[in-house]
Each structure stands twice: as C-alpha cells, then as structure tokens.
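Since the structure is predicted, the reported quantities are computational estimates derived from the model, not experimental observations. Below, each value reflects all heavy atoms present in this structure, side chains not excepted, and no hydrogens, waters or symmetry copies.
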Amino acid sequence: MISNKPLKRRRAAHRAAPLTLAAVLAVCATLGIGPTNPASPSATTATTTAGGTAVRAARVMENLGRGVVAVRSGAAQVLVSWRLLGLDPEGLGFNVYRSTGGGAYVKLNAGVLTGGTNYVDSTADLTRSNSYRVTPVVSGQEQAPSGAFTLTADHATEPVVRVPLRSGGPVKFVWVGDLDGDGEYDYVVDRQTSPQTLEAYSGDGDFLWEVDLGPNSQNQDNIEPGSSAIDLGHWDGVTVYDFDSDGRAEVALRIADGVTFGDGTTWTHADDARQFMAVLDGRTGALRNWSAVPTTYLGDGPMGARLGVAYLNGTTPSLVAYMKNRRDDGSFNLMMGAWKFDGDSLDRQWTWLRGSQDAPDGHNTRAIDVNGDGTDEVAEIGFVLDGNGSLRYSMAPQGIIHGDRFHIADMDPARPGLEGYGVQQDNPSGLLEYYYDAATGSVIWKHTGSPADVGRGMAGDVDPRHPGMEVWSFSGLYNAPANTLAEPNASLRPWPQLGLWWDGDLTMELLNDGKIEQWDPANPTPSGSLPRLVSTWNYGAVDAAQGVQPTFVGDILGDWREEAVYTNASYDELIVFSTNQPTTTRLYTPAHNPAYRNAMTFKGYLQSHHPDYFLGAGMAQPPRPNIAYAGSGSAAVTTGAPVRPAGPGK
C-alpha cells in the first residue's frame, strides 16, 4: 500500500564551523589590514596590507547544514542528495548512512564519494521507514554526521517533499530562511485572505507563528494596495534573511496601523496611510525594531513595496526596498531605500527619489555586484543604483523604457564581467529586447519590430552547441554572445517563463505552468510540445502567482539543483519538488553564491535566479565564493582549496 504521509526530517545543527564578522575583523587586524565600517554603504571591502597585497573582507552568509533530502525515485530506488558548502575544501569526500526502522546507521557506499553530492540507494527495504545522513571525510577521517532525513514507510514514488500547513487561504509566495538557527531552511507563507496573514513553519511543517496584517490589508488592488497589503501584482512587501548575521533569519515587513505581530502585540498609528519598515524575530514573529518610511510622497497615499537583500558594503546585508504610489494624473512616484539592522536598531541608510530623472523601472528588482568590486548594486530594468544610493547609470538615453522582466548574469563567459537582458512594453521605437553590459549599461545589441507588450523574457543556457547563454522572448531563441538564432525557425523557441536546474546536466531546464520541461536543440519543438520531465499537477500541486507560477524557486535542499515549491488545492500542504535524477556534476550550493542568494530574497514578478559565474555547458571551475559563515555551530570542514566541478554528466 502506498502511503501519502509527508516525508519527515530530523533536523540537527551539524554545520560548518562559523566565521563571524567579529572573527573576520580579528583576522584582518592580525594581518595588519585597516578597519572598515560595515554599517556604511560607501565602505570599501578591499584594503591593503603593508606588503601591498589587496585583501577583500568576506561576505557573511548563512551557516548552512548539509540539507540532506531523500525521494523515492523508483520501485526500489531512493535518491539521497546533500549540499556541498561554499567553503568546503577541494576533494572533500562523503559517506552515506541509512537507518532502517530506527535501527543503527549502516554505511551504504563502498568507497568515499568525491563526485556529485548524491547517491542512489537500491538496497533499502522501502516497506519500512529509512533515515539518511552523510558524514564528510577528510584525509580518510570521518567528520561529524549531518542531520538526518527520514523517508516514511511505503512512501509514494515521487520527486516531492511534503510539508504540512495549517488550514488557511490561498498562498501566493513562500520565503525561506533559517529561522531557528539549525542550519536548514524554514518557510514563511502568505495567506491571500482579507485581512491577509503571514505564517511561519519549520522545515518539517511545525507551525511557529502568525502575523495578522490587519484592516489596511483588505484593499488588495494590484496597483494601489492598502498600506499593509502584501503580494499583489508586482508588490510583495516581505522578505526573509539573517540581517544581523547572528545565525538566525529575521522577517522584514512593511507595516501600517492594525498589524498584529506573532506575540499578539498590535501596531497602531492614527494615520492609516503611514508606513514603517519592521524587522520581526524569525522564531516568534515578535517585533524586533522599526523605522519610518519617508513621508515624501504620503500625500498621494500609501506605497506598494518590493523588498530584498543587498550587501551594499560588501560584507553585511541590508534591506532594500522599491516603493511606488500613483499620483492623481496617473503617473507614479518612485522611491528606493536601504535599511541596516544590527540586531538592535533598524536604521535607514539612504533614500533615492526618481523625481524628474529618466530612470525606467519594471516589475522585478535585482541586487548584484555588477562591476566586480565586491559590493552590490541595486538594479532595475533600465537603471542601476550604487551601494550608496546614487544613480550609477540610466539606460533611458539609449531608448530603454518600462518593461516586465530582465536578467543579469555571466551570459558570455568569454567576455569580462556580467551581462543583462531585458524586454520592453510598447516601446514607441519598436524596441522589443536588448542585451547590455551590466557594469555600464551600454547596449550591445537590440531587436526591434512592431511595438508590442513583450510580457516575458528568459535567459539561460539551453543549447550546448553554442557558447554562453541563450536569451529569448517571442522573437526567437538567440545565443546571447553571438546575437544569432540558436534555432533558425523562430517559432520553435520555448516559452519564456522560468528556468531551473533539475536533471543533472549543466544546461537549464524550464518551468512553465506546472511543467518541468527541457528544450531539445537536436529535436526542437514548439512551446506546447516540449519534452516533459515532471507534471506538477500529477502530485497534487496547483499554480499560484500570476496563475502559472510556483510560490518559490531556488536551491533549498540537497545538491546544487533547484527546488520548486507549490501548495495543494486545499492550501494545507507545501509540495516541494526536488529532483529524483542523479548527477555526477559537483558544485557548491547556489545558496552560498552571493548573487544567487540575493535573488532568492526578491519576488515581484517571480523570476529565475542566476549565480555570478557562468553555469552551463562547457563551464569553467567556479571560483570559491568570498564568504564567511554567520552565527555559531559545531566544528566542520572550512579550509582547503576551491571545489572544482566534476564536469557535465547525468
């Protein structure tokens, strides 16, 4: 008999030894490196020793565990997968252990595993529960074991982890963060009810807390929402991250009068239009501190908001916000801001007002180091702000206007730096899509045609015959570096919705309206007939955002492949799709890549995430990320040479 019970995880804080910000600064002092001010967005991250050697301070990121996950991949097979961490040494090996029915753990692999961080178990008695964990191996010596993941007895054959939720209303977005400090991701879920609510759950589905967003969340207009409304149109108003680098994630939330926090206290203000940025304790949902949103545009009503994370000083995270409201003449005010939470106070670092500047915006925001100096910039579809809140460049003089979607990534590995790709909405010049230098905003190529609302645009390596990434909207699939059609028949391009890495090779798969698909360059087919890897509705999943999207996409479990998170139709279960296909490719988790992890914090019109190196066919060794682990934890492996990918394979 097949069981429909959810997979359960025993969570344990077996993580890499942390290197806190204080420790980073202590090491710098030992080396004779001058101090920097981590709270200042203009502080440099590169200093010089007495010998003239440039040393860049590390970016403090999450102290993640191994994220062990197991899915039943066949009648007699289980795929076990786990994280390679950003600071794991080259050549780090692993052993895989299984406990059946609560018995002793038994090693499964004959030799130490040094390839892809996954293992196919074909010897398990699947009529009984099976728990899996891994141990790192250094110089033949086993280190502390990871936390365990338990596959229930007679579990369904499915590429899915099921996380129970309380009964409630529809869910549009899910955020992830390590709320309790155990090294594994937990979930924050919205409820599109009236009034709206936020709920937090452990990675196993244990309910943690609820925030009631109050009467000012009942106006759910997607253009001019209420002052505490979230997740409408291209607004979110929420993000989750470890803002004070103490090893536990906080929840950042734009609030207004009538919001009741997880500890039962209520925020009150006489003016319903007044808004504030708040940081909540991830464990309890209680208010940690707040900062007022500037009232510059208050006369035009409350502001919708998109929130996310950027390392504006290169070492510690800031909360960044994109905020707009509409004037009586139909035009929009645009304000962008940054806040720093130090564990005590929440302080606004800067505010940027568009005013009369020609700076085209869109429907999603990205925070990424566009010029390679170690500090992040905040990017919109037609302009970029430097870390101190000043305008780095606008692409308006080159004819760029408003558009729905854009991407920034290393699309051309043969060209220094990062590139961008964007699409346009009814550009009077006929501009449909464009490709540009992300550091300067200089357009490299553009495609024109009849003015149209180009509502979708994607970037990713889907054709290994051509170096670099492909980019596409509705005018054909183009190899970005060459500006040539990868497929001469433009009608055979895939649908430009979302991408994700799933099957284990280095090219990107596609996620569109509940379908995980792969465009086959050897046998190209139109969007409606791509080879199908997974149909999510076969496992009870329903689409959420914009009617065709998951609630979240990103690498949150197992190896470097990505998960897609949905709910069931009754909204009492998260359905986390995690790959059931083995791979020999070995890469550190994208969650330890600065650009990728920033992208996981933003919503807007949900978009694919990209690391700051080229991930695709023929890729070079990705450099070790310049990071340090936040918080505290048990000792593990953190030293050695960079990890090298084992190369393409399935």
Side-chain angles (χ1 to χ4, degrees), residues 41 59 173 175 234-236 238-241 252 305-312 314 317-324 334 336-338 352 354 359-387 389 391-395 400 402-411 417-424 433-441 456-460 469 471 480 496 498-500 552-555 562 590-591 593-615:
R59 182 179 299 226
F173 287 142
W175 297 261
H234 67 162
W235 310 119
D236 46 65
V238 183
T239 199
V240 178
Y241 202 71
R306 287 202 298 263
L307 305 185
V309 169
Y311 283 69
L312 302 176
S318 293
L319 170 66
V320 294
Y322 162 105
M323 297 172 286
K324 291 178 79 171
L334 172 59
M336 299 184 74
W352 178 81
R354 180 166 61 183
D361 63 318
H363 294 298
N364 61 301
T365 303
R366 296 185 182 271
I368 186 170
D369 179 6
V370 299
N371 63 342
D373 69 351
T375 65
D376 287 336
E377 287 74 42
V378 182
E380 286 291 321
I381 196 168
F383 70 92
V384 168
L385 299 183
D386 273 324
L391 183 66
R392 179 177 179 85
Y393 64 75
S394 171
M395 299 171 69
I400 307 302
H402 170 85
D404 279 3
R405 287 168 169 81
F406 77 108
H407 299 260
I408 295 178
D410 188 2
M411 301 184 195
L418 305 177
E419 294 77 38
Y421 166 75
V423 298
Q424 294 282 271
E433 56 188 353
Y434 56 98
Y435 177 71
Y436 62 99
D437 183 311
T440 66
R456 301 287 186 275
M458 254 300 295
M469 289 188 182
V471 294
L498 282 174
L500 82 168
F552 176 88
V553 171
D555 179 27
E562 295 176 290
N593 180 267
Y596 185 99
R597 186 62 182 94
N598 284 356
M600 284 171 62
T601 67
F602 286 95
K603 299 295 187 184
Y605 282 3
L606 199 63
Q607 292 289 275
S608 295
H609 316 318
H610 304 282
D612 55 18
Y613 61 85
F614 172 68
L615 202 171

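Leu418 CG to Asn371 CG: the interatomic distance, rounded to the nearest 0.5 Å, is 9.0 Å. The CG atom of Leu606 sits 6.0 Å away from atom CZ of Phe173, with the distance rounded to the nearest 0.5 Å. Asp437 contributes atom CG, which lies 7.5 Å from atom OH of Tyr393 (distance to the nearest 0.5 angstrom). Here the straight-line distance linking atom CD1 of Ile368 with atom CG of Asn593 works out to 8.0 Å at 0.5 Å rounding. Considering CG of Asn598 and OH of Tyr311, their distance stands at 7.0 Å, rounded to 0.5 Å. Interatomic distance, NE2 of His407 versus OG of Ser608, reported as 6.0 Å (0.5 Å rounding).
Within the 4.5 Å cutoff, no side-chain heavy atoms of Phe406 are placed close to those of Gln607. Between Met411 and Val471, the closest side-chain pair of non-hydrogen atoms falls below 4.5 Å. Looking at heavy atoms from C-beta onward, Met395 lies out of side-chain contact with Phe383 at the 4.5 angstrom threshold. Side-chain atoms of Val370 and Arg392, non-hydrogen and from C-beta on, do get closer than 4.5 Å to each other. Phe602 has its side chain within reach of Val320: a pair of non-hydrogen atoms, C-beta onward, lies under 4.5 Å apart. The closest side-chain heavy-atom distance from Val240 to Thr601 is not below 4.5 Å. Annotation: side chain of Thr365 is in contact with side chain of Val378 (closest heavy-atom distance under 4.5 Å). Side-chain contact check for Leu312 versus Thr375: every heavy-atom pair is 4.5 Å or farther apart.
Taking all atoms of both residues into account, the shortest heavy-atom contact from Tyr436 to Ile408 is OH-CG1, 3.9 Å. Here the closest heavy-atom approach between residue Pro317 and residue Val309 is recorded as CB-CG1, 3.8 Å. Across all their heavy atoms, Tyr434 and Val423 have their closest contact at CE2-N, 4.1 Å.
Remark: the backbone N or O of Pro590 is not paired with any side-chain donor or acceptor of His609 at under 3.5 angstrom. At least one donor-acceptor pair closer than 3.5 Å links the side chain of Asp236 to the backbone N or O of Gly604. The backbone N or O of Ala595 lies less than 3.5 Å from no partner atom in the side chain of Asp369, so there is not a single donor-acceptor pair.
For the side-chain contact (heavy atoms from CB on, under 4.5 Å) criterion with Met469, the lone passing option out of Tyr435, Tyr421, Phe614 is Phe614.
Relative orientation of the Trp235 and Tyr322 rings is tilted, given thresholds of 30° and 60° on the angle between their planes. Ring geometry for His363 versus Tyr605: interplanar angle under 30°, hence parallel rather than tilted (30 to 60°).
In this structure, the side chain to side chain donor-acceptor pair (under 3.5 Å) partners of Glu419, at least two apart in sequence or on a different chain, are Arg415. Take Asp361 and apply the salt bridge (Lys or Arg N to Asp or Glu O under 4.0 Å) test, not counting sequence neighbours, and it matches Lys324, Arg354.
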query: Glu562 and Tyr596: side-chain hydrogen bond (donor to acceptor under 3.5 Å, both in side chains), yes or no, with the steps?
result: CA-CA 11 Å; Glu562 295 176 290; Tyr596 185 99; 2.5 Å; yes
message: Run Ile381 and His402 through side chain to side chain contact (heavy atoms under 4.5 Å, CB included) and show every step you take.
response: CA-CA 7 Å; Ile381 196 168; His402 170 85; 5.8 Å; no
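The pair Arg597-Asp612 fails the salt-bridge criterion, with no side-chain N (NZ, NE, NH1 or NH2) lying under 4.0 Å from an Asp/Glu carboxylate O. Salt bridge annotation for Glu380-Arg306: present, with a cationic side-chain nitrogen under 4.0 angstrom from a carboxylate oxygen.
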